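Structure first, then comments.
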Amino acid sequence: MCDALKEECGVFGVYNFDGHTDAANIIYYGLYALQHRGQESCGIAVNDSETVIYHKDMGLVPEVFNDIMLNHLKGSMGIGHVRSSTGNAAFRENAQPLVSKYKKGSLTIAHNGNIINAADLRKEFEDNGAIFQTTNDAEVIAYLIARERLKTHSIEEAVANSVPYLKGSFSLVVMSPKKLLAVRDPWGFRPLCFGKTEHSYIFSSETCGLDAVDAKYICDLRPGEIITVDKDGVRHDARHCSDKRKMCIFEYIYFARPDSIIEGISVYDSRIEAGRQLAIEHPVDADLVIAVPDSGIDAAIGYSKESGIPYDIGLIKNRYIGRTFIQPTQQQRVRAVKIKLNALKNTIQGKRVVVVDDSIVRGTTSNHIVQMIRDAGAAQVHMRISSPPFLYPCFFGTDIPSQDSLIAVQNSVEETRKIIGADSLGYLSLENLWKTLGKRRDHCDACFSGRYPMDVPFVSKEDIKSE
Ligand code: SF4
């Protein structure tokens, strides 16, 4: 459980091709499956004979939607979004999908990612008279697509023409009056996949969203690919596809659900392998392996399998915590740890415990967890982390903060061990992290390595290693 990372966003889209008007219901279940990607706000927008109706609000999917609401949202295609704020503040106005009207009708967008040059684009548009109602990148993207649409003959041309203006990460679903489109940035930072049910085409941030609605997986969108669905069928546009490929490696470590398969790699398998590699790299004499739930569980099982040290449940997570505890201040995060987790004393008492977590950001949470395990009677506490130390911020849609906040920037591993109060501390090395993804070596790992796939703001040139 990361002590600063909030989940990012999840997008979902449905196009019914045989007249069914239950798109909202399908989106509801899809968003439920993607809830781990954002718990701050959510929304669904559907298209009913070219009229867009929508509902969005702060809160979890089952808090925002009920049967009455879903029955009201009748439409044969639609898009949905779950959100956690990263750069932007947590305002209701920023909830997505973003629904806009312009000369060509309606334009509805759901976005996962972060547009690095959004402020520049916004300024350029504002200088030319544009008025924005949110601080969302999605509104900048919508304005850009609308502008391009006035120069072209179709929405897919407008989307394609917009892609080169956008720098950063974007997995988008876009709904026009008659078409549903999905597009992934040319680096492919964020996942996005395509599937089909008996009645519908589906876009989802992760395959767990396809599974939730019984959709058969067709493909991951390739980085830069645009897929359009309308009454004429499905069209793939590869004009922006390239070999830039920089899928976020942290999706596998933390963000994605373990039952998802992203670009052919099982998230669960990669986490088990991370645990195995961690056990090889940082062995220790111990009696018990436990996990920080939930994202440390798979790596802890892997550590146990490789080391032969028994795995058991040692920390219990309170599963009934809503957005109240997904809060941005340090004080709130500290309090949240005590409410979120509790130790199983009978399991831990007298044992030399290996506790596996996915990452350490600021170190505050790790310190509380180690203390909690000691208070439960552990003889020793050995912290193992299934990713390398965070040394650089992320600019591509996650909340890995500035270097000032990253404990590993200011402190050596030994200093960090002392701060969190563990008997030993071991991080998975970057070299061994790569082994968890098989032969692939084309992911973004910039928050660990400083090898940013593009120029980024706020990091001095000497801190950035070239590719
Ligand atoms: S910097 Fe880190 S978190 Fe951000 S996209 Fe790259 S690997 Fe993912």
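Quick note: residue numbers are just sequence positions, from 1. These figures come from a predicted structure and were not determined experimentally. We count ligands from 1, going down the list as the structure has it; atoms in each ligand are counted the same way.
Tyr252 and His443 have their aromatic ring centers within a separation under 6.0 angstrom.
Ion pairing between a basic and an acidic side chain is recognised when a charged N comes within 4.0 Å of a carboxylate O; Glu263 and Arg190 show no such pairing. Asp445 and Lys246 are not joined by a salt bridge, as no carboxylate oxygen comes within less than 4.0 angstrom of a charged side-chain nitrogen.
Closest to atom 5 (S) of ligand 1, if we only count protein heavy atoms, is Arg190 NH2, 3.4 Å. Of all protein heavy atoms, the one closest to atom 4 (Fe) of ligand 1 is Cys394 SG, 2.3 Å.
Figure legend: Arg147 and Tyr165 shown as a cation-pi pair, the cationic atom lying under 6.0 angstrom from the six-membered ring centre and within 45 degrees of its axis.
Below 4.0 Å from some heavy atom of Phe396 lie the following atoms of ligand 1, by number and element: 5 (S). Every atom of ligand 1 with a heavy atom of Cys444 under 4.0 Å away is listed here by number and element: 1 (S), 5 (S), 6 (Fe), 7 (S). Listed by number with element, the atoms of ligand 1 under 4.0 Å from a non-hydrogen atom of Cys447 are 1 (S), 2 (Fe), 3 (S), 7 (S). Numbered from 1 in the order shown, with element, the atoms of ligand 1 that lie under 4.0 Å from a heavy atom of Cys248 read 3 (S), 5 (S), 7 (S), 8 (Fe).
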message: Glu206 vs Arg257, test: salt bridge (charged side-chain N to carboxylate O under 4.0 Å, His left out). Steps then yes/no.
response: CA-CA 8 Å; Glu206 294 182 35; Arg257 239 172 68 162; 5.8 Å; no
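Checking Ser84 against Glu40 by side-chain atom types alone, no donor-acceptor pair falls below 3.5 Å.
Contact annotation: Met247 has no heavy atom less than 4.0 Å from any atom of ligand 1.
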